[in-house]
Colleague: 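One structure is given below, represented as structure tokens, and several questions about it will come after.
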Amino acid sequence: MIDLLNFHIIPGLVLGSIYALGAIGVSLVFGILRFANFAHGDTMTLGTYITYTFIHLTPLYGIVALPLALLIAVPAAMIATGLIVLIIDRLFYRPFRNSPVIIVVIASFGMMLMIRSSIEMIWGPQLKAMITGIQPPWFFFDTIRVLPKHVAILIAALVLMGIIHYLLSHTKIGKAMRAMADSPDLARVTGIDTERVVKATWMIGTALAVAAGVFLALDGQMKPLMGFSVLLAVFASAILGGIGRPYGAMAGGLVIGVAEELSTYPWIGDGPLLSPGYKAGVSFAIMVAMLIWRPNGLFKGKVF
Amino acid sequence: MLKTVKQVMLAGSMLAVAMTAASADDIVVGSAAGITGPIAELVAPIVAGRELAAKHVNEQGGLLDGDTLVLAHADSQCDPTAGVDAGNKLVNIEQSVAIIGASCSGATNGMVQSVTIPAGVMSISDSATAPSITELDDNDLVFRVAASDAYQGVALAQLAINAGYTKLAMTFSNDDYNAGIASVFEQAFKDLGGEITGSQMHEPEKQSYRSELSTLSGGGAEGLALFAYYGSSGITIVRNSLENGLFGKFLAADGMFDTSVIEQIGADALRGNIMITQAASDDANVSYQAYAAAYGPAYESQGYAASAPYAAHGYDAAFLVALAIEKAGSTDRAAMSAALREVASGPGTVIRPGEWAKAKAAIAAGEDINYEGAVGNNDFDANGDVTGMFSVNTVGDGEGYTTDLIR
Amino acid sequence: MEQLYGYFLYSLSLLTFGGIYAILCLGLNIQWGFTGLFNAGVAGFFAIGAYVSAILTAPESPRHLGGYDLPIPVGVFIAMVVCVPVAWAIGRVCIRLRSDYLAIATLGIAEIIRLVFKNELWATNGARGVSFVPKPFEAWDSPWDQIAMALVVLVIVALLYIAIELARTSPWGRLMAAIREDEPAALAAGKNVERFRLEAFVIGAVVMALGGAMMAHYIKFVDPKMAEPLKATFLVWVMLIAGGSGNNKGAILGAMLLWFIWSITETIAPIIIPDSFAHVVYPFHLVASWFLPEAWMATPIAPDPVTGLDSWDSKAPFLRVFLIGLALQIVLQKFSSGILPEQRLQSLADTDDASARAARSSPS
Amino acid sequence: MSVLELTDITGGYGETEILHSVSMRVDEKEIVVIIGPNGAGKSTAMKAVFGLLNLTAGTVRLNDKDITHLAPEQVVRKGVCYVPQVGNVFPNLSVEENLEMGAYVRTDDFGPRIQEMYELFPDLRTKRSEAAGALSGGQRQMVAMAKALMLDPKILLLDEPTAGLSPKYRGEIFRVVRDINSIGVAILMVEQNAKQALNIADRGYILVDGQNRMDDTGPALLSNPEVGEMFLGGGTDKAA
């Protein structure tokens with residue numbers, strides 16, 4: 001039974017918090033810019049590689065330990081990646097603000113190819129590792145084992161979600177973002193500077209994507225397709241929470257992450273309940289079921 | 001509309017430029033590889049291996065009358081559709097004499113069945129290992145220097161038994177390569193009296209395999225037979241297992257054979273705990289060393305190791321094609337496959353990697369030659385497969401792999 | 001001469017691939033262009049068509065279900081028939097979803113379909129795929145086999161074009177357009193909107209299955225990689241949007257043009273990246289290398305000192321993907337309603353719009 | 001002097017032309033009502049002020065300054081506030097947050113202004129932390145008007161503020177409109193309830209088929225038999 005906690009629920013929560021951070025960005029962009037951003041996964045990858053470069057670019061890595069280096073490099077990478085995304089928005093998304101949604105979706109698809117190939121050109125297709133070696137787990141009560149990096153990821157994700165909550169409920173720009181997500185037309189005639197809100201949305205969504213990417217790299221490995229490979233699960237999380245609703249996305253991410261891991265627990269007999277080959281399908285199945293039966297997401301009514 | 005027409009014409013004229021790129025003194029050999037796509041990191045060193053062979057040929061007198069061997073690259077993306085498209089371009093636009101590749105079994109299957117066999121062009125793959133390629137009705141046009149999974153799976157099973165394993169858990173990545181070799185291994189290990197306590201397919205590119213491994217670890221297995229590409233899931237599985245104490249010992253095939261496994265996991269954690277099989281040559285030390293001595297300095301700065309999976313196969317495939325062209329004495333596509341068989345197998349003067357000048361002289365003198373490649377003697381059987389010898393690679397006292405030939 | 005003959009054969013393959021994608025595009029055009037159904041699960045129906053036809057026609061194999069040895073047309077036909085209940089079931093539950101939700105739902109379902117083909121080894125040989133799928137006319141001599149294959153595909157495209165054009169101008173098609181333009185009005189006029197949309201969804205899906213089956217027979221091989229969303233769904237969408245959704249000629253043109261770009265850029269990419277490019281970048285890299293640790297750059301940009309290889313050569317494939325992305329952006333910005341925009345049915349614009357307006361504004 | 005003046009406005013959405021050379025003006029402290037049949041372009045005329053329309057000809061002037069081509073947020077900064085017919089509150093924001101958004105362009109302390117709004121609309125004070133979407137239709141309309149008033153505008157544009165409301169709330173809204181007007185805000189409103197609207201209006205415009213048909217003072221229009229036949233009698237006329 002303790003295996004369920006150690007090998008299914010805890011990794012599921014870690015994975016889930018990564019999905020959640022990605023899903024918040026997808027959800028915010030969907031809510032405010034009204035399109036499903038296919039380039040979001042590759043934004044995660046880009047942020048991770050930029051973080052990697054910052055760590056190695058400066059003498060940080062040699063002098064201070066990795067956690068401290070990350071504390072400095074990640075925020076820097078968030079800003080750098082955010083600025084890149086703003087340029088992308090200016091060049092490739094803004095011309096389509098008043099066009100049918102499908103056009104921007106296709107544009108974001110083109111962007112996905114462009115970001116990914118840029119990463120492959122600049123950093124190469126080879127694997128890289130944010131963290132090398134084996135990390136021994138911490139034991140609690142002799143049975144619960146948790147990896148230090150997992151503790152760090154969970155805490156960092158919680159802190160980030162707390163910051164997002166504060167931003168959305170207590171700052172002017174955050175409230176304006178929610179207002180624009182509610183009704184973009186009304187936001188315009190109310191005098192809200194919509195382009196500024198759009199910029200804030202990209203910056204916040206990208207910052208979270210960078211964090212999600214770095215956590216992904218800490219837990220697994222870095223490669224050009226890392227972000228794309230979680231994109232659909234991130235979408236599923238955003239849907240589960242009710243797309244356009246950041247708080248829902250947080251919950252959705254955790255549910256999808258844990259559900260994926262639980263689907264292979266030997267609930268009946270010795271074998272996994274579902275062949276692990278279908279693991280990726282779990283998030284899709286949940287997503288489709290949600291769309292059909294609860295299209296407004298888990299939490300009906302309240303959006304924020 | 002006029003604008004569109006202009007753009008189309010512009011594209012057309014660029015195409016014309018592209019088509020006249022190869023000059024009269026170039027002999028073009030197609031090189032299809034999954035340069036982009038899911039195993040891009042695996043393919044880059046292989047393509048470098050092919051390029052290295054071409055460079056050796058061109059530095060040491062070139063082909064035939066001093067012609068230059070040019071590799072025309074096409075991206076088969078590890079996808080049958082792209083494989084067919086790549087094959088079409090290499091055969092028809094580049095007018096390749098022969099084709100090296102493609103990388104993945106699926107892309108190779110599509111390319112050879114739909115393009116190269118009907119066109120009568122010989123192909124030689126350096127990394128497609130699926131047994132189904134053996135069964136192709138190929139008019140003796142499809143070869144490969146990578147041993148079929150059928151051989152390596154058995155070798156690994158034998159190795160496991162010899163090392164004293166009786167109960168193993170097994171997991172394999174659900175892709176064309178690993179699923180194939182895993183099924184052969186499972187059968188062979190059972191035939192040799194071993195027990196598979198649990199066998200699970202896993203989906204590559206996931207972030208964590210802890211739940212799968214935890215289920216597998218329940219059966220009292222002594223180790224884990226791991227069939228995966230190191231980049232797609234292999235390293236993650238080893239790390240998840242070690243960090244959580246689920247499995248301590250690993251047996252793996254050549255998809256795992258890369259120095260990045262040691263770099264990322266650390267030699268200390270792997271020492272004495274992992275065995276990886278890889279195709280090797282009879283005279284491993286001579287031929288392989290000759291290849292590695294050239295590959296290392298050329299590509300290490302780009303992060304490619306000579307020991308990268310199938311990089312040596314890439315070298316051998318390209319070198320063999322060059323030998324076949326030289327032997328045939330022309331660029332006639334129809335003469336390639338017979339010439340290939342002649343240069344690959346004994347008896348004859350033994351040629352090793354890097355020895356193009358020697359080979360060219362021997363062929364000119366009318367001698368028979370026998371290429372002993374970096375990865376094996378490359379004696380093709382009736383199906384165009386090599387039986388192959390295998391080496392076992394372990395992490396020894398140092399920071400790298402220690403290689404021993406399996407006898 | 002041989003070179004010219006090579007171009008000829010290659011252009012046949014361009015036409016065949018382009019034609020198969022045109023079939024997929026026409027299927028999508030029925031769903032999106034005429035009915036407004038945002039189906040992002042093209043790959044699912046593509047996979048059903050490809051696998052069903054392949055398994056029915058391939059010789060017996062111990063690795064997968066098979067040994068039925070049916071003639072190709074029968075296999076293709078059954079593949080299309082099999083697609084009907086599947087598409088109907090998917091449509092039944094998903095069709096009422098709002099556009100982007102429908103997209104994400106169908107995307108998820110297509111992935112589940114692909115996972116089924118990938119995991120049910122007994123039927124499909126899993127990731128290792130189904131080999132030895134027969135190709136029409138393969139017994140003929142080159143180039144007649146390839147000419148015949150290309151012609152078959154083009155004839156199918158032409159027949160589909162005619163059929164869809166006829167349907168578009170028929171009462172059924174006019175109603176479909178009316179539904180897309182103004183669903184409340186159509187509802188108010190007492191039409192069973194959901195049924196008509198479901199019909200369009202199923203018909204589109206069947207056409208996609210036809211495309212999948214043709215692809216399987218052309219490639220002579222099927223594996224789950226062919227049904228990955230990138231190539232089997234997104235590329236088709238890009239083709240349709242670039243060509244002009246709602247316009248059948250645009251769908252065909254988009255498919256042909258985009259496939260042409262997709263395929264030909266590979267040959268062109270090494271040429272449009274001049275060798276000298278590396279030498280332009282080299283000084284910057286050299287200066288940077290005095291300050292920066294080597295680890296952060298994956299690959300030296302300078303020509304490799306030992307091999308003399310310009311390492312940008314190895315980057316050409318990635319640059320190609322970048323250029324495809326960029327080309328797509330340019331097409332979108334220059335032709336936002338596609339190269340051949342939709343031709344509205346004239347009578348529809350006159351009469352139906354007016355009645356739709358009346359229907360919309362009457363209850364106040 | 002006129003606060004707002006529309007001259008020969010021609011345009012519509014995309015390619016479709018809805019307004020054909022429409023002109024109207026609102027003087028200081030006036031209540032001006034636009035009435036007309038469905039599809040006459042009443043709301044469209046209002047949107048033209050806000051730069052939400054594709055104009056092919058004509059000018060919009062605010063206090064004699066040309067604002068024809070300003071973006072909506074700039075028009076707001078100039079002191080024009082607009083309450084659309086539907087979707088005029090942010091449903092997922094609380095009442096107070098809605099008011100804060102109304103004051104988005106203000107950089108000073110608008111706390112006192114919020115208190116003033118609660119005095120004008122006492123119902124809202126008790127609902128201040130509830131989501132606006134959860135309120136009744138009439139309360140939502142009040143939130144929308146309070147939100148628009150947060151900027152202390154010179155002129156307020158109201159698009160059918162009483163549509164879909166019960167008679168009780170309808171009267172309430174007309175009372176509030178008069179109150180707002182009495183503190184010096186000019187009002188331009190589109191209304192279906194022509195009789196009630198003309199009752200409180202200083203002047204009125206009648207639009208038909210995107211063209212000016214008639215304009216006069218409120219009382220004059222009320223007593224005009226032609227107007228009575230068209231709008232004040234039995235419901236709305238369908239422009240066939």
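Lettering of chains follows the sequences in order, A, B, ..., and the numbering in each one begins at 1.
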Colleague: Which of the residues B/G180, B/S105, B/P118, B/A86 is involved in the greatest number of heavy-atom pairs with chain C at under 4.5 angstrom?
Modeller: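 Answer, by heavy-atom pair count under 4.5 Å with chain C: B/G180.
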Colleague: Who among B/V115, B/V47, B/N178, B/D75 has the most heavy-atom pairs with chain C under 4.5 Å?
Modeller: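 Result: the option with the highest number of such pairs is B/D75.
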Colleague: Donor-acceptor pair, distance only, cut-off 3.5 Å: does the side chain of B/S114 make one with the backbone of B/M111?
Modeller: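 Answer holds: no.
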Colleague: Examine whether an atom of B/S173 lies under 4.5 Å from a heavy atom of chain C, and if so say whether it belongs to the side chain, the backbone or both; otherwise answer neither.
Modeller: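 No part of B/S173 comes within 4.5 Å of chain C.
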Colleague: Donor-acceptor pair, C/H217 side chain versus C/V133 backbone, under 3.5 Å?
Modeller: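 Side chain of C/H217 to backbone of C/V133: no pair is present.
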Colleague: For C/L115, which atoms come within 4.5 Å of any heavy atom of chain B: side chain, backbone, both, or neither?
Modeller: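 When you check distances to chain B, only side chain atoms of C/L115 fall under 4.5 Å.
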Colleague: Could you work out, with ring-ring contact (aromatic ring centres under 6.0 Å, His included) as the rule, every residue matching B/Y177, not counting sequence neighbours?
Modeller: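 Result, ring-ring contact (aromatic ring centres under 6.0 Å, His included) vs B/Y177: B/Y229.
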Colleague: Is a side-chain N or O of B/Y315 found less than 3.5 angstrom from the main chain of B/Y291, in a donor-acceptor match?
Modeller: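 Not at all, since once roles are kept as given, no pair shorter than 3.5 Å links the two residues.
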Colleague: Between B/Q200 and B/F172 (side chain of the first, backbone of the second, donor and acceptor by atom type, cut-off under 3.5 Å), is there such a pair?
Modeller: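 Answer holds: no.
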Colleague: Under a 4.5 Å heavy-atom cutoff, which of C/L14, C/D145, C/N119, C/D141 has the most pairs with chain B?
Modeller: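 So the answer, after comparing C/L14, C/D145, C/N119, C/D141, is C/N119.
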Colleague: Could you tell me which portion of C/M215 (side chain, backbone, both or neither) has an atom closer than 4.5 angstrom to a non-hydrogen atom of chain B?
Modeller: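 It is the side chain, since no backbone atom gets that close.
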Colleague: Any chance the rings of B/Y295 and B/Y304 have centres within less than 6.0 Å?
Modeller: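 Distance test on ring centres: not under 6.0 Å, no.
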Colleague: Heavy-atom distances under 4.5 Å only: say whether C/K118 touches chain B with side chain, backbone, both or neither.
Modeller: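 For C/K118, heavy atoms of backbone and side chain both lie under 4.5 Å from chain B.
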Colleague: Look at C/P143, C/S11, C/G129, C/S131 and state which one has the largest set of heavy-atom pairs under 4.5 Å with chain B.
Modeller: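 Winner by heavy-atom pair count: C/S131.
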Colleague: Would you kindly say whether B/H73 and B/S31 are connected by a side-chain donor-acceptor distance under 3.5 Å?
Modeller: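 A pair is found: one side chain offers a donor N or O, the other an acceptor, under 3.5 Å apart.
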Colleague: Taking only residues at least two apart or on different chains, which pairs with a member in residues 83-92 of chain B satisfy salt bridge (charged side-chain N to carboxylate O under 4.0 Å, His left out)?
Modeller: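 For residues 83-92 of chain B: B/D85-B/K89, B/K89-C/E266.
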Colleague: Please determine, among B/G106, B/G110, B/A179, B/P80, the option with the most heavy-atom pairs under 4.5 Å with chain C.
Modeller: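 Option with the top pair count is B/P80.
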Colleague: Quick check on C/Y218 against chain B: is it the side chain, the backbone, both or neither that has a heavy atom closer than 4.5 Å?
Modeller: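 When you check distances to chain B, atoms from both the backbone and side chain of C/Y218 fall under 4.5 Å.
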Colleague: Which one wins on heavy-atom pair count under 4.5 Å against chain C: B/V91, B/D79, B/I133, B/D175?
Modeller: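 That would be B/D79.
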Colleague: So which part of C/F132 gets closer than 4.5 Å to some heavy atom of chain B, the side chain, the backbone, both or neither?
Modeller: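 Contact with chain B involves both backbone and side-chain atoms of C/F132.
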